[in-house]
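Working notes, beginning with the structure itself.
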Amino acid sequence: MATSNIKIITGRSNPDLALKIASYIGESLVDVLITEFADSEIFVKIRENIRGKDVYVIQSTCNPAHKHLMELLIIIDALRRASAARITAVIPYFGYARQDRKAEPRVPITSKLIANLLVVAGCDRILTMDLHAAQIQGFFDIPVDHLYATPVFLGTLSGEEDPDNYIVVSPDAGGVERARFFARQIGAGIAILDKRREKKNEAEVLHLIGNVEGKKTIVIDDMIDTGGTIAQAAAMLKKNGAKSVSVYSTHGVLSGKASVILKNSEIDDLYVTDTIPISDEKITEIGSKLHILSVYELFGQAIERTHLNLSVSSLFVSESKT
């Protein structure tokens with residue numbers, strides 16, 4: 001669907017996904033120069049006319065989050081000053097989403113800060129996927145379209161096998177709604193893992209609520225960071241008689257030694273999307289159990305619909321309505 005009024009531009013965090021999205025829509029990426037001064041200050045120059053255009057900036061705020069976030073803000077400011085008609089920040093992975101509340105005294109609510117920065121920079125709309133906490137949508141005073149990777153994950157299941165062979169597992173209490181929705185799509189039951197987090201990036205799986213014996217378990221989560229929690233979850237499921245463990249996680253953050261931990265874990269199949277680029281080194285380390293699914297079609301359809309002022313509700317697989 002090539003249109004003369006739509007423009008797709010990308011930062012440097014995930015250019016491969018941006019190219020796939022642009023190709024799906026039938027547009028070329030905007031010619032942009034992004035470079036840095038000797039002291040690491042980021043410089044952006046838009047090399048073509050975008051006056052009066054509907055512009056979509058594709059940029060995940062993944063590691064290094066501060067750099068990719070700053071780059072996104074600067075691109076938005078450059079577009080605003082170049083008289084773009086509407087600027088939509090397409091953020092496949094929204095970093096800082098875990099800091100969505102004051103869980104202890106004297107800490108920031110960084111998700112709200114990021115929302116404020118994007119609006120002040122000149123952003124008119126947000127398009128993102130699988131926020132760590134859905135309430136972050138309320139931090140913005142501009143429209144937010146929140147997509148879910150569930151349709152992509154469901155595409156990996158043939159639907160021919162008896163749903164009683166499966167059970168969908170939430171890795172924590174916060175993910176129960178996500179697990180319940182997925183389970184309803186395939187007609188399976190659910191189980192819940194109870195965990196306690198003593199410090200950041202460290203959690204201990206304590207209890208399993210539900211029966212997984214002889215079942216093919218499907219663990220649904222929004223992100224895998226260090227891999228420790230999901231590895232513990234897989235071990236507990238196998239210990240309780242699970243026939244297999246398949247993990248579906250939208251955002252493969254994979255920090256530190258995550259790839260080694262996942263490779264040596266009891267996980268049989270690990271599915272992540274390309275909202276965050278995964279290095280060849282990590283892909284090799286994890287091995288054949290890793291499957292990377294692309295979300296370019298979902299984002300491409302959402303961009304087409306918002307550009308034409310059509311509803312995108314059919315693309316939101318919204319857990320809140322299940």
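Just so you know, these numbers use all the heavy atoms, side chains as well, and skip hydrogens, waters and symmetry mates. Residue indices begin at 1 and follow the sequence shown.
- When the shell of 6.0 Å around CG of Asp141 is examined, it contains 12 or fewer heavy atoms from other residues, nucleotides or ligands.
- When all heavy atoms are compared, the tightest approach of Glu48 to Leu29 is OE1-O, 4.3 Å.
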Might you work through the side chain to side chain contact (heavy atoms under 4.5 Å, CB included) test for Thr88 and Val57, ending with a clear yes or no? CA-CA 6 Å; Thr88 300; Val57 188; over 6 Å; no

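- Comment: Lys7 does not engage Glu27 in a salt bridge, judged by the lack of any side-chain N to carboxylate O separation of less than 4.0 angstrom.
- Within the 3.5 Å criterion, the main-chain N or O of Ile58 finds no donor-acceptor partner in the side chain of Asn14.
- Residues Gly122 and Ile87 come closest through the heavy atom pair O-CD1, 3.8 Å.
- Across Val152 and Ser294, no two heavy atoms sit closer than the pair CG1-O, 4.0 Å.
- Placement of Leu270 and Ile261 in two distinct hydrophobic clusters is found when ILVMFWY residues are connected by side-chain heavy-atom separations under 4.5 Å, directly or transitively.
- Side-chain polar atoms of Ser244 and Asp268 form no donor-acceptor pair below 3.5 angstrom.
- Of the N and O atoms on the side chains of Gln99 and Ser111, not one donor lies less than 3.5 Å from an acceptor on the other residue.
- Here the side chain of Gln185 pairs no donor or acceptor atom with the backbone of Phe182 at under 3.5 angstrom.
- In this structure the side chain of Val168 reaches within 4.5 angstrom of the side chain of Ile186, judged on heavy atoms.
- Taking the charged nitrogens against the carboxylate oxygens, Arg12 and Glu36 do have a contact shorter than 4.0 Å, which makes a salt bridge.
- In the hydrophobic clustering, Tyr93 connects to Met223, Val253, Ile276, either directly or through intervening members, whenever side-chain heavy atoms lie under 4.5 Å apart.
- Of the charged side-chain nitrogens involved, at least one lies within less than 4.0 Å of a carboxylate oxygen, so that Asp77 and Arg81 count as a salt-bridged pair.
- A donor-acceptor pair is defined here as one N or O able to donate and one able to accept, closer than 3.5 Å; such a pair exists between the side chain of Lys215 and the backbone of Asp164.
- Annotation: the span from Met70 atom CE to Glu41 atom CD amounts to 9.0 Å, rounded to 0.5 Å.
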Side chain to side chain contact (heavy atoms under 4.5 Å, CB included) between Arg47 and Val32, intermediate numbers included: CA-CA 5 Å; Arg47 287 174 154 170; Val32 58; over 6 Å; no

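- Using a 4.0 Å cut-off between charged nitrogen and carboxylate oxygen, Lys263 and Glu285 do not count as a salt-bridge pair.
- Side chain of Arg305 to main chain of Leu310: no donor-acceptor pair is present (N/O by atom type, distance under 3.5 Å, no hydrogens or angles).
- The shortest non-hydrogen separation linking Ser13 to Cys62 is CB-SG, 4.2 Å.
- Checked by atom type and distance alone, the side chain of Lys289 pairs as donor or acceptor with a backbone atom of Leu262 at under 3.5 Å.
- Hydrophobic clustering (ILVMFWY, side-chain heavy atoms < 4.5 Å, transitive): Val120 and Ile109 are in distinct clusters.
- Of all non-hydrogen atoms in Glu304 and Ile25, the two that sit nearest each other are OE2-CA, 4.0 Å.
- In this structure, the side chain of Thr61 engages the main chain of Gly95 through a donor-acceptor pair within 3.5 Å.
- Side-chain contact annotation: Gln135 with Asp100, donor-acceptor N/O pair under 3.5 Å present.
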Kindly indicate, with the supporting measurements, whether the criterion side chain to side chain contact (heavy atoms under 4.5 Å, CB included) is fulfilled by Asp274 and Leu293. CA-CA 6 Å; Asp274 56 354; Leu293 309 175; over 6 Å; no

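- Judged by distance alone, the side chains of Asp222 and His251 never bring a donor and an acceptor atom under 3.5 Å apart.
- Ion pair Arg86/Asp124 not flagged as a salt bridge, since none of the NZ, NE, NH1 or NH2 atoms sits closer than 4.0 Å to an Asp/Glu carboxylate oxygen.
- The two residues Asn5 and Gly52 have their closest heavy-atom pair at OD1-O, 3.1 Å.
- Leu154 and Phe299 fall within a single hydrophobic cluster, where Ile, Leu, Val, Met, Phe, Trp and Tyr side chains are chained together by heavy-atom contacts under 4.5 Å.
- Separating the CD1 atom in Ile46 from the CZ atom in Arg51 is a distance of 13.5 Å, to the nearest 0.5 Å.
- Screening Leu298, Asp145, Ile8 against Ile303 for a side-chain contact (heavy atoms from CB on, under 4.5 Å) leaves a single residue, Ile8.
- Arg125 places no side-chain N or O within 3.5 Å of a backbone atom of Val144 that could act as its donor or acceptor partner.
- Residues Leu157 and Phe153 are not in side-chain contact: their nearest non-hydrogen atoms beyond the backbone lie 4.5 Å or more apart.
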Could you go through Gln137 and Leu131, starting from their C-alpha distance and side-chain angles, then the distance that decides it, and tell me whether this counts as side chain to side chain contact (heavy atoms under 4.5 Å, CB included)? CA-CA 8 Å; Gln137 296 172 79; Leu131 289 167; 3.8 Å; yes

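- Using modelled atom types, one finds no donor on one side chain facing an acceptor on the other under 3.5 Å when comparing Ser249 with Asp221.
- The number of heavy-atom neighbours closer than 6.0 Å to NZ of Lys243, taken from other residues, nucleotides and ligands shown, is 12 or below.
- In terms of modelled atom types and a separation under 3.5 Å, the side chain of Ser23 and the main chain of Lys20 share no donor-acceptor contact.
- Within the 4.5 Å cutoff, the side chain of Ile292 has heavy atoms near those of the Ile283 side chain.
- Of the possible polar contacts, none joining the Gln59 side chain to the Leu69 backbone as a donor-acceptor pair under 3.5 Å is found.
- Side-chain contact between Glu71 and Ile34: present, with at least one pair of heavy atoms (C-beta onward) separated by less than 4.5 Å.
- Applying the ring-ring contact (aromatic ring centres under 6.0 Å, His included) definition to pairs two or more places apart or across chains, none involves residues 25-79.
- Ring geometry, Tyr296 versus Tyr24: the interplanar angle exceeds 60°, so the pair is classed perpendicular (tilted spans 30 to 60°).
- Two residues are said to be in side-chain contact when any heavy atoms from C-beta on lie closer than 4.5 Å; Ile142 and Ile126 meet this criterion.
- No side-chain heavy atom of Thr150 sits less than 4.5 Å from a side-chain heavy atom of Tyr248.
- We find the CG-CD1 distance between Leu193 and Ile209 to be 8.5 Å, quoted to the nearest 0.5 Å.
- If you take OG on Ser170 and CD1 on Ile218, they are separated by 13.5 Å, rounding to the nearest 0.5 Å.
- For the atom pair CD1 (Ile167) and CG (Leu237), the distance works out to 9.0 Å, reported to the nearest 0.5 Å.
- Judged purely by distance below 3.5 Å, without hydrogens or angles, the side chains of Tyr148 and Thr250 never pair a donor atom with an acceptor atom.
- Taken to the nearest 0.5 Å, the OG atom of Ser259 stands 7.0 Å off from the CG atom of Leu254.
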Under the side chain to side chain donor-acceptor pair (under 3.5 Å) rule, what do Thr217 and Tyr166 come out as? Steps first, then yes or no, please. CA-CA 6 Å; Thr217 56; Tyr166 290 101; over 6 Å; no

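- A 4.5 Å side-chain heavy-atom check between Lys216 and Val245 finds every atom pair outside the cut-off.
- Ile6 is not listed as a side-chain neighbour of Lys53, based on a closest heavy-atom distance of 4.5 Å or more.
- Remark: the backbone N or O of Gly175 is paired with a side-chain donor or acceptor of Asp172 at under 3.5 angstrom.
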